Amino acid sequence: MGALMSAADHPEHSDLTDRTGFSLEQIGVLRKRFKQLSHNEETLRREHFNEIPDLACNPIRAQIIEAFFDTRNFHQNGERTVQGTVQEISFKDFLVVMSHFRPPSLHMTEEQREHVRREKLRFLFNMHDTDNDGTITLEEYRHVVEELLSRSGALEKETAKCIADAAMLEVASISMGHMEPDEFYEGITFEHFFKLLKGFDIEAKMNIRFLNMATTLCK
Amino acid sequence: MLSRSRPGKGVLEQALLLLVVVVLLQGSVLPLGAVSSPDISHQDRKDEHAVAIHSHNITKKPFPVLSVDYQNIQTPFEIALWVLLASLMKLGFHLIPRLSSIVPESCLLIVVGLLVGGFIRLAGEQVPPVLDSRLFFLCLLPPIILDAGYFLPIRPFMENVGTILMFAVVGTLWNAFFIGGLLYAVCQIQPSELNQLELLHCLLFGSIISAVDPVAVLAVFEEIHINELLHILVFGESLLNDAVTVVLYHLFEEFSGAGEVTVLDGFLGIISFLVVALGGVLVGAIYGILAAFTSRFTSHTRVIEPLFVFLYSYMAYLSSEMFHLSGIMALISCGAVMRPYVEANISHKSHTTIKYFLKMWSSVSETLIFIFLGVATVDGPHAWNWTFVTVTVILCLVARVIGVVGLTFVINKFRIVKLTTKDQFIVAYGGLRGAIAFSLCFLLKKEHFPKRELFLTAIITVIFFTVFVQGMTIKPLVELLAVKKKQEAKRSINEEIHTQFLDHLLTGIEDICGHYGHHHWKDKLNRFNKKYVKKCLIAGERSKEPQLIAFYHKMEMKQAIELVESGGGSKLPSANPSTISMQNIQPKKSAAAKPAERALPQLSKGREEEIRKILRGNLQRTRQRLRSYNRHTLVADPYEDGLNNLLLKKQKVIELEKKIKQMNTYLTVPAAPPDSPTMCRARLASGRDTDFKPAQQQKEDIMCPDPQAYSVKSTSDDLPTIQVDLASPQSPDSVHLLDEFKKGEQKRQKEEEDQGLVMKAPTGVGDSDGSRDQQKLQRCLSDPGPKAEEEEEEDEPFLP
């Protein structure tokens, strides 16, 4: 994989290593893939993603692709300094988005683990919160559930709605505990989301093996 | 295992019970001691009979009014007595609270076995050879393994299958050769009769003793509640190493006759291992698919559904034992394969039956095994040799530790979530040996293995050591090391949603990377499963049900049942009580501040009429669509039990409340009286003329104090909006189960009385409503039973 990297890439790549935590090898492989997807252009656009055949049968395809173009994911801590979506992304952005799926290293302090968990949950939160207002409203959550069930054939929307309602109720119960009958639960904030999925062990689950990427099967 | 913890009784009662138990023990000793095999008893009877006839011809004896004929019923009596003893023991232990928390059950049971064996010996009788290998392998072991396999958590198992296989295969091989080899070396050094021990015999012994025992692991790990990962690692290892044990055992047994092993034999051994392991899995899978297929057609004979599960599994076990394949792996794969399909097909009651029968049998089996171990210890021919035994024990421990540490080092290179030192310690410490090792040794023939008694003694010592010492100390050690415990939280709908979401997300990312990782293959398998397999094996509409929906329904039903069991909701059924209800999270269409003001647009009368017509038309179509998406397999008989009646009443209540809420947020109600709950209910009750007309009519005099309520009736036609929603069979009743009962009990009781009338209504109401109501109600039970009428007939004889 070392042969892939030209001399000009080296400084950029070492900078990227620091930023994203990937090793030089992994960056090389990802760069190759980036080039392949973008047909050797410098930037990726949505239609490039749409060309991936395997992705076509994924029910949440649209959201995954959107996540790549969501500027909130381009910063390490998910800060929303620049909001909105872009039309095309560079390799650096691609890499930063991918770094959310890096497995945590073996020896981490509790703090670091917490930080990693936050990052990953932030990524998920951003995927759900499509209008960038910092909360996942009932409508957005319903949309999530509908998308999940969208490939399952003919299904009334009511079911998705009921499930989303039940889920939302659960979140509200866990986060707020007690509410008057006429109070209104605005939506799931990030803190609530974090609390909700605390036991979910996300840092162990939301990982891709970037180790043996040499098995890239080129399409 | 169903371990019931009784509240502490008085000391007097405890003493009394112990006395009873002791008396029973004594009572059981005598018949157990009077051993005579069935054949002999039969022979006796024939002789007696002949004698009787003879004597009859000679003299006429007075007719025996009361006679004792023990031989007739001896064997079943003894068996029943043993099982009774085992169950009473289990009962007794939990009455002594301190004891059961310090000492694991398995230890206590072995002690009881020792005592029983001791009594029998003291009584002068010969101890029966209870731990007969055939009995053990054919009767006692399968229920435990089936229970483990059927309820195996597939997801964590599959995620860690590489690690588990490494430990099971490589670890066991390492243990076997290490122990066998070093024992041989030690025996050669020792100038005693141990010199005669051949290498192959040592290796055989090593292979018998190296396998971690699933029974012992289950018994001990059940009580310490460690986290899922460690549990599945140790437990999975204990299950999968059976294949290795079987192969090694047969290999060395064969060759110890021949006396030498060639390279070819070694090679054949490896092939044999693959055949045994994969063959076992294949046999199990075939039977599993057969069971799943059979369960597709059992909608008319619900009562024998559990029987199919048990029979097919047992056949899988026996078939694989016939070919000397791994029976344990067959059972595991059978249970794991058939479970998702069978559970989708069978009724809820059958599911409960299967669960409890399996738990019961495996519990009794386990108890019996440990007791028999104790008895066999007293009985078994022993040949004690200090060197051999102590070296064995030490070597077992050392081999295990080295094996685990070494393997983890290799495994961690491939794992995403690495195993820490603490994990390794628990895995190493949890390598308990048990009755399987003993039984395998018991099977050895004395002629071929002169040192058989020595082996037996050593094995028993190791078993005692691991079960007593390791079993007792593992709990305090787990506390000391602060190992992560099992999360007791229920699986919530949010976690399920996110599990699915994450699956798809990770698959998508893998596709974007162009990397065919295991998410990709898992996704492919799921799609294949959904497309082809489910269609064949699952009956009716449920074959198309996505997993999220299935989970949701299961959760609904669980909550409904919990609610009923908790006595009607005075206690909160959920773990986190909160006062949040649906209306707190509904999108704010109406301003909460001013209840009188409805923020919904006011439509002109003409427009309203149009809308009403359209909605009515759609409603018809919705209803038809619903009936075609009918969940025949989910329809249950609401008239089965009084319990069900109660549940249904509550469901009705909940539905009504829900309708009110929906109405509050969705509807345009021109005449807007203040939103008091009573008013809402009254309004709704009077407005529901299609569904609840009879109820409403009955309710008129009961519930509608406000004449204003009637005025709403005229605009009830635009209520069909609700009906579209509510007609959905998947009404989230559970959601409302939680919150509805947090409101005052008073309201609910009032409603209950009212709604009590409604229950009878569906039978009288027109067909569409009746069936729809029934569907709704029955859907709430989520019981995939047959149509109401049919189940009614067949269930009658079984109702208490």
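In this text the structure is predicted, and so the values were computed from the model without any measurement. What you see below is based on every heavy atom in this structure, not just the backbone, and it leaves out hydrogens, waters and symmetry mates. In the text below, chain A, chain B and the rest are named by the order of the sequence lines, each starting its count at 1.
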| field | Non-hydrogen side-chain atoms of B/Ile509 and A/Phe68 separated by less than 4.5 Å | value | yes

| message | I'd like to check A/Leu124 versus B/Leu502 (side-chain heavy atoms, cut-off strictly below 4.5 Å). Are they in contact? | response | yes

| said: With a 4.5 angstrom heavy-atom cut-off, is it the side chain or the backbone of A/Val97 that approaches chain B, or both, or neither? | reply: neither

| Verdict with reasoning, A/Leu55 to B/Thr507, per side-chain contact (heavy atoms from CB on, under 4.5 Å) | CA-CA 8 Å; A/Leu55 211 51; B/Thr507 311; over 6 Å; no

| message | Run the side-chain contact (heavy atoms from CB on, under 4.5 Å) test on B/Ile512 and A/Met98 for me, step by step, so that the C-alpha distance in whole Å, both residues' side-chain angles and the decisive distance to 0.1 Å come before the verdict. | response | CA-CA 10 Å; B/Ile512 291 176; A/Met98 282 300 191; 4.0 Å; yes

| task | Pick whichever of B/His498, B/Glu159, B/Arg527, B/Lys524 has the most heavy-atom pairs under 4.5 Å with chain A. | result | B/His498

| query | What's the shortest heavy-atom distance between B/Gly508 and A/Ile64, and which atoms? | reply | CA-CD1, 3.9 Å

| request: Measure A/Phe34 against the heavy atoms of chain B and call it side chain, backbone, both or neither at under 4.5 Å. | output: neither

| Within a reach of under 6.0 Å around CD of A/Glu111, are more than 12 heavy atoms found that belong to other residues, nucleotides or ligands? | no

| query | Looking at CG of B/Leu505 and CE of A/Met127, how far apart are the two atoms once the value is rounded to the nearest 0.5 Å? | reply | 5.0 Å

| Would one find more than 12 heavy atoms of other residues, nucleotides or ligands at under 6.0 Å from atom CD of B/Glu228? | no

| query | Do A/Phe101 and B/Glu510 come close enough that some side-chain heavy atom pair is under 4.5 Å? | reply | no

| task | Quick one: do B/Phe501 and A/Glu147 satisfy side-chain contact (heavy atoms from CB on, under 4.5 Å)? Show the steps, please. | result | CA-CA 10 Å; B/Phe501 190 81; A/Glu147 286 294 305; over 6 Å; no

